[in-house]
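See structure below.
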Amino acid sequence: MPFDAMSEVSDDALLVLYANGDAAAARALTTRLTPKVLGHAYRMLGDRAEAEDVAQEAMLRLWRIAAEWRQGEAKVTTWLYRVVANLCTDRLRKRRSVDIDSVPEPEDPAIGAEQGLQQVARAEALQTALDSLPERQREAVVLRHIEGLGNPEIAEIMDISPRAVESLTARGKRALAEVLAGRREELGYQDD
Amino acid sequence: MTDKQQDSDGLEAFFDAARNTAPDPDAAFMARILDDALSVQGEAVAPPRPATKRDGFFSQILRGIGGWPALTGLAAATVAGVWIGLNPPAAVSDQLASLIGTSSATTDATDSDWLLDPLTEYDIAMTGG
């Protein structure tokens with residue numbers, strides 16, 4: 001199947017094709033899922049190199065489970081977000097046990113030249129604020145407000161009820177608002 | 001999904017900025033992921049065949065004669081042969097004695113001829129009738 005023809009194929013159908021030895025499916029899944037996985041890992045960890053390690057490991061687990069994947073049972077992205085969250089939790093736990101000061105400063109993500117410095121500054125400020133949240137709040141806020149997932153899917157990823165998701169995101173947003181309140185003027189928010 | 005309509009805390013602009021500055025995977029990183037995908041796929045599609053042990057002498061013989069069912073038939077025939085050897089039926093022992101030339105004086109040739117050619121008397125009857 002040519003690569004172009006795969007844009008309409010669902011993730012789990014692609015995974016079945018991949019398991020059957022289709023190299024084009026491997027390329028399509030890599031292109032489609034890697035940015036999501038890397039983005040989520042970066043927002044959870046605030047460190048590009050670590051996020052790449054986690055993303056690579058999560059994708060490797062996906063390749064390995066492909067042959068056993070049962071089509072229609074779970075969304076591939078739901079499974080991947082859960083794997084990423086678990087891997088990030090392990091890393092954050094190790095980080096805490098090693099050295100609390102070793103938490104990296106948010107890095108300048110690779111962005112196009114057309115994107116303004118102010119956008120970068122706001123994203124960095126948000127990342128710093130996210131890093132200060134408890135892990136579960138951070139995960140819920142990132143999935144809900146940056147990845148744009150619905151509460152039922154987040155509940156499935158985090159293995160909690162949708163009401164618990166609402167509670168986590170509400171507390172997370174309140175904490176973010178407090179942290180960012182002092183930086184609004186500096187970041188160009190005079191009106192709101 | 002992004003709750004723009006409920007942006008009372010002013011966070012939506014920060015979330016927008018985060019979405020717009022998402023870390024893009026560079027080409028080298030994408031190549032690494034694809035390499036993993038293709039190598040796992042290669043292993044899964046063509047798993048290495050485990051080295052098969054060569055059959056031993058007995059196994060080859062067994063397979064040559066048709067496996068275990070053939071062997072049971074062979075064993076039954078052997079047991080039957082041994083049994084006949086140890087405890088032969090009277091007719092067999094008389095016939096055998098005449099063949100190897102140890103017939104007793106009381107046994108004449110006509111007594112055992114019917115065993116050698118059971119059709120003889122029938123043939124005579126046919127010619128006579």
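Values below: every heavy atom of this structure, side chains too, minus hydrogens, waters and symmetry copies. Naming: A, B, ... by sequence-line order, numbering from 1 per chain.
Under the 30°/60° scheme for interplanar angles, the aromatic rings of A/Tyr81 and A/His40 are found to stand perpendicular.
For A/Arg174, no part lies under 4.5 angstrom from a heavy atom of chain B. A/Ala26 touches chain B through backbone and side chain together, each having a heavy atom under 4.5 Å away. With a threshold of 4.5 angstrom between heavy atoms, A/Leu60 approaches chain B through side-chain atoms but not through N, CA, C or O.
Side chain to side chain, A/Gln56 and B/Arg32 meet the donor-acceptor criterion of an N or O pair below 3.5 Å.
If you tally non-hydrogen atom pairs under 4.5 Å between each of B/Ala37, B/Pro25, B/Ala18 and chain A, the highest count goes to B/Ala37.
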Criterion side chain to side chain contact (heavy atoms under 4.5 Å, CB included) on A/Tyr42 and A/Glu52, from CA distance to verdict: CA-CA 8 Å; A/Tyr42 174 74; A/Glu52 285 194 355; over 6 Å; no
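Side-chain atoms of A/Arg138 come within 3.5 Å of backbone atoms of A/Leu133 as a donor-acceptor pair (strictly under, hydrogens ignored).
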